[in-house]
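Shown next, in structure tokens, is the structure this report addresses.
The sequence lines fix the lettering, A, B, ..., with proteins before strands; numbering per chain opens at 1.
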2 protein chains.
Amino acid sequence: MSEPERRDGGDKGKSTAEKPRLDRQRILEAGAEFIEQFGPRHLTMRRLGTELGVEAMSLYRYIPSRENLLDGIVEVVIDELYKDPEVYPEPRHGWQDYLLRLAHGLRRLALAHPQVFPLIATRPTEAPWVRPPLRSLRWVESFLKALTSAGFSDQAAVDAYRAFSSFLLGHLLLEVAAMGADVGPVDEAEPRPPRSTDLSDYPLLQSLQERLSEDRSEQEFEEALESLLDRLEALQN
Amino acid sequence: MSEPERRDGGDKGKSTAEKPRLDRQRILEAGAEFIEQFGPRHLTMRRLGTELGVEAMSLYRYIPSRENLLDGIVEVVIDELYKDPEVYPEPRHGWQDYLLRLAHGLRRLALAHPQVFPLIATRPTEAPWVRPPLRSLRWVESFLKALTSAGFSDQAAVDAYRAFSSFLLGHLLLEVAAMGADVGPVDEAEPRPPRSTDLSDYPLLQSLQERLSEDRSEQEFEEALESLLDRLEALQN
DNA sequence: ACCTGAACACCGTTCAAGT
DNA sequence: ACCTGAACACCGTTCAAGT
């Protein structure tokens with residue numbers, strides 16, 4: 001059986017990723033990638049189609065609307081949390097370890113997808129009590145189980161869930177914003193004018209600007225997280 | 001010189017808010033109102049024009065682009081903070097009182113503009129260290145002055161500013177989200193199907209659903225705020 | 001000086017038609 | 001079964017033209 005040339009494997013040297021076939025998962029992944037590259041504003045059914053080597057209209061066989069596309073992209077991205085080996089779906093070394101791992105996992109996810117994260121933060125969830133950035137029944141269940149098993153009352157577990165959510169949301173949204181993420185244009189041409197703000201009227205800002213511009217996000221995160229855990233510890237019975 | 005009738009004063013009794021004249025401020029206020037009514041997604045140059053009794057093209061005499069319109073709306077809304085008599089631009093009864101008033105003022109503002117708040121939270125600011133939800137050099141200066149005057153070191157004041165920002169952002173974004181705000185459609189027709197999620201696979205959620213649906217946002221806010229102040233107190237020298 | 005009509009390039013989405 | 005072409009209603013934005 002000589003195989004002098006395989007006829008399907010040939011990549012023809014096209015530089016972009018090939019188009020193995022259209023399906024929902026592939027469209028969503030391409031969408032996530034597109035947003036990470038150009039920002040949510042530029043994601044268009046037509047441009048995404050082009051990206052996939054297909055007419056925009058073809059996407060409608062797999063995705064009912066642009067809104068649904070965005071929701072799907074958010075889902076596909078947060079689903080990565082399940083694949084993070086550092087994050088356990090149930091506590092193994094106590095609830096603090098569980099929460100630390102979960103928090104760090106979400107932070108890694110946010111930093112890996114700074115342009116998608118604002119969508120994770122602001123897209124409506126399936127129920128008002130399914131809060132970003134967890135966004136899934138499965139993780140909320142996991143969270144509550146971890147705490148109640150550790151001796152938290154039902155109410156305390158719920159309170160902890162809420163405090164944990166808003167802590168993560170605030171910190172991570174600000175951290176990705178500082179990376180230049182936004183729901184906005186990201187004008188390819190001019191990557192945003194240096195715009196050295198006029199601080200003449202703000203003496204304190206002037207003298208503190210350097211300090212304000214330092215990136216302390218990691219320390220901030222760790223300290224606030226630790227303080228949150230202390231606070232939660234007080235809720236435990 | 002008899003003046004039997006003045007020719008410019010007549011109001012003609014039109015019922016809707018009059019169109020006294022087109023100007024930037026009026027457009028921005030109309031925009032804020034529009035977003036609060038229909039959601040950011042529905043705000044269109046053309047629809048806003050119609051709302052103001054004018055063709056969309058006329059807006060371009062005052063507003064260079066839709067992006068600029070959104071930024072202007074955000075600005076106009078946060079500027080309300082200056083008009084809140086409960087919020088002091090400089091501390092009068094100590095830094096804790098100052099921070100409490102500032103936090104409560106921002107919460108009132110968020111609750112008064114639940115549809116605009118996500119824009120306040122996610123629109124890019126003029127410098128990365130000007131964080132939402134304060135978003136203005138003037139408030140950052142005010143904040144830092146309040147704390148340094150109270151004996152905080154420069155670094156501690158900056159740390160406090162960051163912690164305060166992310167606390168507010170997380171809490172308020174989640175609170176307005178629970179009110180049904182989103183950067184999304186708000187389909188007038190169906191105000192979102194009750195969508196009673198299937199919880200059969202999540203026993204804990206099932207038994208805690210009632211508790212999870214309770215609105216405890218005020219207590220949450222107060223408790224987290226108090227805990228934040230405690231944390232900041234530890235930074236003070 | 002201020003507003004408008006017409007036009008351009010681009011959207012999301014539908015549907016009959018092609019392969 | 002899957003993709004496309006043509007079409008519709010709607011955008012943001014520009015600009016010459018009207019009053």
Check your understanding: Rounding to a whole Å, what distance do you find between M57(B):CE and dG18(D):C1'?
Key -> 15 Å

Practice item. Have a look at M45(A) and say if it touches a base, only the backbone sugar-phosphate, or nothing, with a 4.0 Å heavy-atom cut-off. Key: sugar-phosphate

Exercise for review: Give R46(B) one of three labels, base, sugar-phosphate or nothing, depending on what nucleic acid heavy atoms sit under 4.0 Å from its own.
Suggested key: base

Point to revise | Length of the CD-C1' vector between E67(B) and dC11(D), whole Å | key: 13 Å

Practice item. Could you tell me whether the phosphate oxygens of dC2(D), OP1 or OP2, come under 4.0 Å of any side-chain nitrogen or oxygen in S58(A)? Key: no

Exercise for review: Give a yes/no on whether any side-chain N or O of S65(B) is located under 4.0 angstrom from OP1 or OP2 of dG12(D).
Suggested key: no

Review point. So which nucleotide does dT13(D) pair with, by the Watson-Crick or G-U wobble rule with both distances under 3.5 Å?
Key: dA7(C)

Review point. In whole angstroms, how far is the P atom of dA1(D) from the CG atom of D23(A)?
Key: 17 Å

Review point. side-chain contact (heavy atoms from CB on, under 4.5 Å) with V116(B): which of V176(B), I78(B), V76(B), V77(B)?
Key: V77(B)

Check your understanding: Taking CG from L43(B) and P from dC11(D), how many angstroms apart are they, rounded to a whole number?
Key -> 10 Å

Review point. Checking all strands, does R61(A) fall into the base, sugar-phosphate, or nothing category for heavy-atom contacts under 4.0 angstrom?
Key: base

Revision key, fill the gap. Rounded to whole Å, the OH-C1' distance (Y60(B) to dA16(D)) equals 17 Å

**Study point:** Nearest-Å distance for atom pair CG/P, residues L48(B) and dC11(D)
**Key:** 12 Å

Check your understanding: Closer than 4.0 Å, any side-chain N/O of Y62(B) to the OP1 or OP2 of dA1(C)?
Key -> no

**Study point:** Value in whole Å for how far the P atom of dT13(D) lies from CZ of R66(B)
**Key:** 9 Å

Point to revise | Short side-chain N/O contact to dG12(C) OP1/OP2 from T44(A), under 4.0 Å | key: yes

Check your understanding: Centroid-to-centroid, Y161(A) to W129(A), below 6.0 Å?
Key -> no

Practice item. Please give the nucleotide sitting opposite dG18(C) as a Watson-Crick or G-U wobble pair, both distances under 3.5 Å, or none. Key: dC2(D)

Review point. Between dC3(D) atom P and I63(A) atom CD1, what is the distance in whole Å?
Key: 12 Å

Review point. Hey, what's the ring geometry for F143(B) with F164(B), parallel, tilted or perpendicular (30° and 60° as the breaks)?
Key: tilted

